[in-house]
Structures are given as C-alpha cells and as structure tokens.
Protein chains: 2
Amino acid sequence: MHTSRSTPIVSVDVVLLTLFQGKLQAALHMRGRPPFQGCLALPGGYVHPEEDATAEDTARRVLREKTGVEPRYLEQLGTFAGAARDPRGWSAAISHVALMPHEDLRQSGGEVFHFYDVDQLPELAFDHSEQIRAAAERVRNKASYSTLPCWLLPEQFTLTQLQRTYEQIFGETVSRGTFRSRLGIKVGDMNPGEAVDQADILIATDQFQGGSQRPARLFRVNRLSLFKRACW
Amino acid sequence: MHTSRSTPIVSVDVVLLTLFQGKLQAALHMRGRPPFQGCLALPGGYVHPEEDATAEDTARRVLREKTGVEPRYLEQLGTFAGAARDPRGWSAAISHVALMPHEDLRQSGGEVFHFYDVDQLPELAFDHSEQIRAAAERVRNKASYSTLPCWLLPEQFTLTQLQRTYEQIFGETVSRGTFRSRLGIKVGDMNPGEAVDQADILIATDQFQGGSQRPARLFRVNRLSLFKRACW
DNA sequence: CAAATAGTGTCTCTGAGACAGTATCTA
DNA sequence: TAGATACTGTCTCAGAGACACTATTTG
C-alpha cells in the first residue's frame with residue numbers, strides 16, 4: 001500500500017493540421033497565461049467532466065471554442081505524460097490529431113491561428129514540438145496506405161486535387177496513371193449517381209468542376225479505407 | 001473561465017501479450033478490491049509521481065512488481081478515458097502493450113496470471129476487453145510490416161521459430177522460402193560472427209541449435225525495423 | 001482548331017510466392 | 001544410408017509505374 005497522493009493533472013491537446021502553401025502546417029496560438037506565457041502553443045484545455053463524455057469530446061469542444069467549426073477528421077494520437085513536461089508538476093496531455101481543409105479555418109469566426117510548416121517549427125511551449133512531430137509522422141504513415149488525405153480536402157474534390165494532396169504530404173510527384181491505378185479507380189466504370197469503385201474507396205458524385213478545359217468529376221470519400229500495400 | 005474542479009483519476013494499464021498454446025494470449029489476474037472485485041482484469045496501477053518519470057516508467061514498475069521481470073518490448077497503446085468506464089467517476093487509463101516470451105513468465109516469482117486467447121475473451125473489468133482488442137489489432141498490424149514478433153521470442157531464436165511466430169499471430173502458414181525472402185535473408189551470406197543481413201533486420205550469432213537433424217543458426221533481432229511493403 | 005486538363009490502354013520490369021533441389025546433422 | 005530439418009536457386013505470374021494516346025471542354 002502507498003499513501004494517497006494527488007493524481008496527475010490531465011489536459012487535452014490538439015494538433016490541428018492543414019495543407020497551406022503546399023505544405024503540411026500546424027495551427028498554433030500565442031499563450032496568454034503562464035507557464036510559457038507569450039510562447040506559441042497547441043490549442044488545448046482541461047477536461048470538463050460534466051460536459052465531456054470522453055477525451056475526444058474534450059478535443060472537439062476545444063476546437064469548437066477556438067475555431068467555431070468541427071474538424072473533418074479526429075483521432076487520438078497518444079498521451080504525453082511525465083514529471084518534466086510542465087513546471088507545475090507531473091502531468092498528462094492526451095494528444096489528438098485533427099485534419100481540416102484550410103478554407104474551413106479562414107472563414108471561421110474563432111481565434112486567430114498562426115500556421116507553421118511541421119518540418120520547420122519555431123520554439124514551442126511544453127513538449128508541443130514533439131507532439132507535432134509525432135502527429136506528422138502518424139499522418140504521413142497512414143497516408144501511405146489509406147484514404148486519410150481526403151480529410152484535408154473539402155467534402156467534394158477532383159482526383160487531381162487529391163493527387164496534389166498526396167504529393168504535398170510526401171513532397172514527391174507521381175504520374176496521373178500511376179496515382180489512379182494505386183487507388184484502383186476507373187471513373188468510367190462508375191454510374192454517375194452513387195456508384196462506388198471496387199474497393200469502396202471513393203464515391204462518385206454527379207457533380208463536375210469546370211474551367212476552360214474538360215470538366216473533372218467530383219468525388220466524396222466513403223470512409224477511412226486501407227490499401228493492401230503501402231505506397232510512397 | 002470555468003470553476004476549478006477535480007482533475008480525472010489517472011491510472012496506467014498494461015496489456016501483456018505472449019504466445020502460448022499456439023495463440024496470442026493476454027495476461028489477466030483476479031481483482032481483489034472493488035470496483036469489479038472478483039473480475040478478471042489487466043495488470044495496472046496508479047502513477048507514483050516521485051518514482052515514475054514517465055507513464056512508461058509506471059508501466060515498467062507495475063510489470064516488475066507483478067512479474068518480477070522486464071518486458072522484452074513495451075510501447076504506449078493509447079488512453080482510454082471517459083465518464084462511463086469506471087463507476088467512481090471520470091477516469092483516464094494510459095494503456096500500454098508489452099510483449100514477452102512465455103517462458104519468462106513461467107519462471108518468474110511474481111503473481112500468478114491467467115492467460116486467455118485474445119480472440120476468446122471472458123467478461124473483464126472496466127473497458128479491458130476493448131483495450132485487449134486494440135492491443136491485438138496493433139500487434140497484428142505492426143507484425144505485418146516489421147520485426148515486432150521477434151520480441152515474443154527469447155533473445156536468440158532460429159528462423160523456423162520466427163516463422164512459426166508470424167504464423168501463429170496471423171493464423172496462416174507460408175512456405176519457408178517465401179518467409180525468408182520476405183525478410184531478405186540469406187544465411188550463407190552472413191559471416192558467423194556479427195554479420196547482419198542487408199536490411200539490418202537480424203543479427204546472426206555463431207550459435208546453433210541442434211536436434212537430430214541439421215542444426216539451425218540462432219539469430220538476434222537488431223532493432224524494430226520496418227519492411228517496405230506490408231505482408232500477410 | 002488550338003490549348004488545356006481529364007481520363008485510359010499498354011508495356012516493362014520488379015518482386016512475391018510456389019516448388020523442388022541441395023546441405024548437414026543424428027541414429 | 002535413412003530420416004529429418006536447414007537452407008537456396010529457379011520459374012511464374014501479378015502488380016507498380018512510365019508513357020503515350022484518346023476525350024471533352026473553352027475561346
């Protein structure tokens with residue numbers, strides 16, 4: 001038996017990632033209170049036990065309060081805990097990754113965020129640099145074998161936009177044909193209405209996006225689907 | 001601003017997995033105290049802020065106290081948090097996955113564990129069934145593209161033992177040649193002393209394990225290495 | 001019809017996996 | 001030398017990726 005002692009302080013942090021200026025960027029804001037007052041930091045907050053049924057609910061509430069919108073994608077990243085990360089004592093931060101198209105953040109009435117390339121971060125509060133590094137690694141890894149990048153785009157998108165998204169995440173380009181065969185997609189096979197490709201990856205809409213060239217069909221993502229083999 | 005309120009209770013749980021009777025099995029013990037007194041549960045405990053620098057340290061300490069040995073492999077799984085999982089109130093359990101060869105547990109002087117096939121679990125305390133399901137999924141997933149299964153074996157093992165380990169995790173068999181080419185291994189290429197295969201996956205020892213047949217070379221794993229392509 | 005982007009068919013080459021053959025031990 | 005298991009070379013076939021060709025819009 002050990003003596004009763006105070007339990008660690010629990011908070012929830014969110015690494016909100018978006019594609020901006022052709023790079024994967026994280027949303028940061030300036031802290032108004034100590035510790036680390038005046039430092040750039042991730043959005044985060046404490047659990048409200050009466051309001052939040054789960055830690056993910058806390059993350060959603062924090063995002064709603066600071067951006068005014070719901071994230072397109074949200075998952076738990078992991079917990080960063082220990083004696084050293086917060087000068088006030090032993091603490092645990094349940095960290096999450098959120099993905100959003102950048103337009104959704106521009107038009108929101110919430111707090112002003114600064115965006116930084118995840119590969120060129122300034123000094124940050126707490127262990128937030130480490131959290132962003134872990135989040136970027138997770139996203140790049142999952143992107144290599146799943147439809148995760150769809151959630152960095154608006155609900156409807158063209159195949160070319162999706163290809164650019166993958167390319168920006170990895171910093172590599174690929175030929176159109178290769179990209180499409182990776183996804184197992186043949187647009188012609190799909191009935192305009194609700195048809196789905198063979199792997200249930202994307203849903204073809206009957207909408208098209210035109211410019212002064214052949215219009216491109218718009219797609220929606222069905223659900224997070226995993227490919228058999230890792231690409232990229 | 002919100003009123004100050006008690007922070008959630010933090011604990012650390014460990015899903016200790018081992019290969020036993022040809023199946024992936026989890027270590028469980030009978031709870032002696034409420035809540036869930038008399039139920040089977042995962043090993044776990046509270047953080048000791050003075051002793052444990054990180055949550056992983058807590059997991060190691062809990063395992064040391066209950067098994068007397070260090071795990072071969074340990075990583076954080078994720079945090080299971082919310083209002084509903086513990087009748088005493090809002091709580092957060094920082095869950096970990098540990099891997100050990102079953103022999104290490106047999107000879108330990110610690111607590112007696114019961115082992116259950118992760119695919120045929122009885123009723124468990126709290127959300128421990130969900131934690132084990134998540135742990136098994138994580139291990140099977142990582143096993144498909146990494147050397148993770150090496151940590152379910154003793155420090156030295158033959159290629160055939162390693163092959164059986166992969167097969168037991170996935171419940172599928174594979175031909176010897178295929179297995180070896182997946183690992184990129186040609187035993188003959190290795191200098192007996194310390195030679196490493198081209199992908200730095202395994203280290204050949206100069207030890208052999210004999211029976212009444214041609215002796216098999218013993219190997220050690222170098223570090224957790226990832227394959228380019230997912231197999232299985 | 002020219003320009004621009006969307007979408008598709010084809011060819012090549014790598015690599016996964018099955019299988020059968022060789023090597024090396026005990027009895 | 002028979003039996004058992006360790007280890008390896010070869011062949012086949014599917015799939016990844018480069019490239020060039022066709023399709024459909026605007027001006």
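Proteins come first, then strands; the chains are lettered A, B, ... in the order of their sequence lines, and each starts at number 1.
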### Task
Whole angstrom is fine here: how far is it from CG in A/Leu202 over to P in C/dG7?
12 Å
### Query
Quick one: on DNA chain D, does B/Ser212 or B/Ala216 contact a more 5' nucleotide (nearest heavy atom)?
B/Ser212
### Short side-chain N/O contact from B/Ser175 to OP1 or OP2 of C/dA18, under 4.0 Å
yes
### Query
Using the ring of each side chain (for Trp, its six-membered ring), is B/Phe115 parallel, tilted or perpendicular to B/Phe113, with breaks at 30° and 60°?
perpendicular
### Query
Quick one: A/Glu172 CD to D/dG17 C1', roughly how many Å, whole number?
13 Å
### Message
Can you confirm whether the side chains of A/Ser95 and A/Gln131 place a donor and an acceptor under 3.5 Å from each other?
### Response
yes
### Polar contact flag, side-chain donor to acceptor under 3.5 angstrom, A/Asn141-A/Glu137
no
### Query
So does B/Arg214 get a side-chain nitrogen or oxygen closer than 4.0 Å to the phosphate oxygens (OP1/OP2) of D/dC7?
no
### Query
What is the distance from CZ of A/Arg180 to P of D/dG15, rounded to the nearest Å?
20 Å
### Minimum-distance nucleotide (side-chain atoms of A/Arg176 versus C/dG17, C/dA6, D/dA6)
C/dA6
### Message
Expressed as a whole number of angstroms, how long is the span from A/Gln209:CD to D/dT24:P?
### Response
19 Å
### Task
Select one nucleotide: of D/dA18, C/dG21, C/dG7, the one nearest the side-chain heavy atoms of A/Arg217.
C/dG7
### Message
Is A/Arg182 close enough to D/dA16 that one of its side-chain N or O atoms is under 4.0 Å from OP1 or OP2 there?
### Response
no
### Query
Just how far, in rounded Å, is P of D/dT5 from CZ of B/Phe179?
18 Å
### Query
Can B/Ser175 and B/Thr178 be counted as having a side-chain donor-acceptor contact under 3.5 angstrom?
yes
### Selection from D/dT5, D/dA18, D/dA6 that lies nearest to any side-chain heavy atom of B/Gln213
D/dT5
### Task
Tell me whether the centres of the aromatic rings in A/Phe219 and A/Phe157 are closer together than 6.0 Å.
no
### Query
If you pin B/Gly177 and A/Pro215 to their nearest nucleotides in DNA chain D, which one's is more 5'?
B/Gly177
### Task
Figure out the OH/P separation between A/Tyr145 and D/dG15, and round it to whole Å.
21 Å
### Query
Taking atom P of D/dG17 as reference, at what distance in whole Å does atom CZ of A/Phe170 sit?
12 Å
### Query
Taking CG from B/Leu183 and P from C/dG17, how many angstroms apart are they, rounded to a whole number?
12 Å
### Query
Which is true for A/Thr160 with a 4.0 Å heavy-atom rule: it touches a base, it touches only sugar-phosphate, or it touches nothing?
sugar-phosphate
